[in-house]
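Notes follow once the structure below has been shown.
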Amino acid sequence: MDLIRIRNVDKKYKNGVTAIYDLNLAIEKGAFVFVIGGSGSGKSTLIKMLYREEKPTKGQIIVGGLDVAKLRNKKVYKLRRKLGIVFQDYRLLPKLTVYENVAFAMEVIGAKKNEIRRKVLKALEDVGLKNKVHNYPDQLSGGEQQRVAIARAIVNNPKLLLCDEPTGNLDPEKSMEIMRVLEEINKSRGTTIIMATHDKDIVNKMKKQVVTLKDGHLVDFKRKGTYKNEVV
Ligand code: ADP
């Protein structure tokens, strides 16, 4: 079963730049997919269209049965509930503890206190940070902050986890820690993961599905892909 279907999608920004040309792509439930390509190849644009930060200019995007481009603004929350998002720069709230940062994502959807506690602790356990619940973000390393951001993104157990350069600010060792956490989430929760990256080593080590973009065009799709030199 496909979780995502992208058909004939173009994205042209208002300034006239076309970031994506005639993209066709299907992503199965439970897949782990890297989106790779050089700077400006359209990786972020693709991720943004999946959570309706941007709308395609043409074509159709279906995520978990929702026609994303056609969704009214009032209904975008239905899409957002199906997914979690992780950014390069963590985006934690500095005045909240680790626990509170993760709990916040559940409080906004009105979950009960007991359920929040159980799920927040489980998410923090899954990212290996159960011992840091009372710390504040500035008391954590970059890798730990990113793991809090991942816990926050998965706490509602979304079907889809979107990651835009999640290891972009981390050294190779911390980056691999993040990758092991993501791989475990993909395996144990069955969460479909789409990760934009230009980290060659990671892509080559993980051997996941690889979608390669070049100047807005999909130029390659592999089931167990590597990072080709010509796209770096
Ligand atoms: P990547 O994530 O691979 O670096 P992006 O999706 O950010 O690529 O960018 C693809 C192209 O679209 C680039 O030429 C970029 O300058 C352009 N672009 C990205 N965002 C915008 C925007 N908000 N307005 C206009 N052009 C944009």
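Order of listing sets the numbers, starting from 1, for every ligand and every atom in it.
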**Study point:** Nearest protein heavy atom with distance in Å, relative to atom 10 (C) of ligand 1
**Key:** G40 O, 3.4 Å

Review point. Between Y21 and H217, how do the two ring planes meet: parallel, tilted or perpendicular, split at 30° and 60°?
Key: parallel

Practice item. Check ligand 1 against S44 and write out every atom of the ligand that is under 4.0 Å from a heavy-atom position of the residue. Key: 1 (P), 2 (O), 6 (O), 7 (O)

Exercise for review: Enumerate the atoms of ligand 1 whose separation from the nearest heavy atom of S39 is less than 4.0 angstrom.
Suggested key: 4 (O)

Point to revise | S141 backbone acceptor or donor facing E144 side chain under 3.5 Å | key: yes

Check your understanding: For the residue pair P158 and A153, what are the closest heavy atoms and their distance?
Key -> CG-O, 3.3 Å

Exercise for review: Please could you name the atoms of ligand 1 that G38 approaches to less than 4.0 Å, counting only its heavy atoms?
Suggested key: 3 (O)

Review point. Within the distance-only criterion (no hydrogens, no angle test), does the side chain of N101 pair as donor or acceptor with the backbone N or O of L93 below 3.5 angstrom?
Key: yes

Practice item. Please identify which atoms of ligand 1 are closer than 4.0 Å to at least one heavy atom of V17. Key: 12 (O), 14 (O), 17 (C)

Practice item. For G37 and ligand 1, answer yes if some heavy atom of the residue is under 4.0 Å from a ligand atom, otherwise no. Key: no

Exercise for review: Measure the distance from atom 19 (C) of ligand 1 to every protein heavy atom, then report the residue, atom name and distance (to 0.1 Å) of the closest one.
Suggested key: Y13 CE1, 3.4 Å

Check your understanding: Counting N and O atoms only, with roles assigned by atom type, does the side chain of Q145 sit under 3.5 Å from a partner on the main chain of L140, one being a donor and the other an acceptor?
Key -> yes

**Study point:** Atom indices of ligand 1, in the order listed, that fall short of 4.0 Å to a heavy atom of S41
**Key:** 1 (P), 3 (O), 8 (O)

Study note, to complete from the structure: ligand 1 to A19, heavy atom cutoff 4.0 Å, flagged ligand atoms 10 (C), 11 (C), 12 (O)

Practice item. Count the heavy atoms belonging to other residues, nucleotides or ligands that lie under 6.0 Å from NZ of K58, then report whether that count exceeds 12. Key: yes

Review point. Taking only heavy atoms of K43, which atoms of ligand 1 are found under 4.0 Å from at least one of them?
Key: 1 (P), 2 (O), 3 (O), 4 (O), 6 (O), 8 (O)

**Study point:** Closest contact, heavy atoms only, F221 versus L25
**Key:** CD1-CD1, 4.3 Å

Check your understanding: Out of T45, T18, V35, N15, whose heavy atom sits nearest atom 9 (O) of ligand 1?
Key -> T45

Check your understanding: Can you find a protein heavy atom closer to atom 16 (O) of ligand 1 than 4.0 Å?
Key -> no

Practice item. Among all protein heavy atoms, pick out the one at the shortest distance from atom 8 (O) of ligand 1; state its residue, atom name and that distance to 0.1 Å. Key: G42 N, 3.2 Å

Revision key, fill the gap. CZ of R147 to CG of L124, rounded to nearest 0.5 Å, is 10.5 Å

Check your understanding: Any donor-acceptor pair under 3.5 Å linking the side chain of K222 with the backbone of T212?
Key -> no

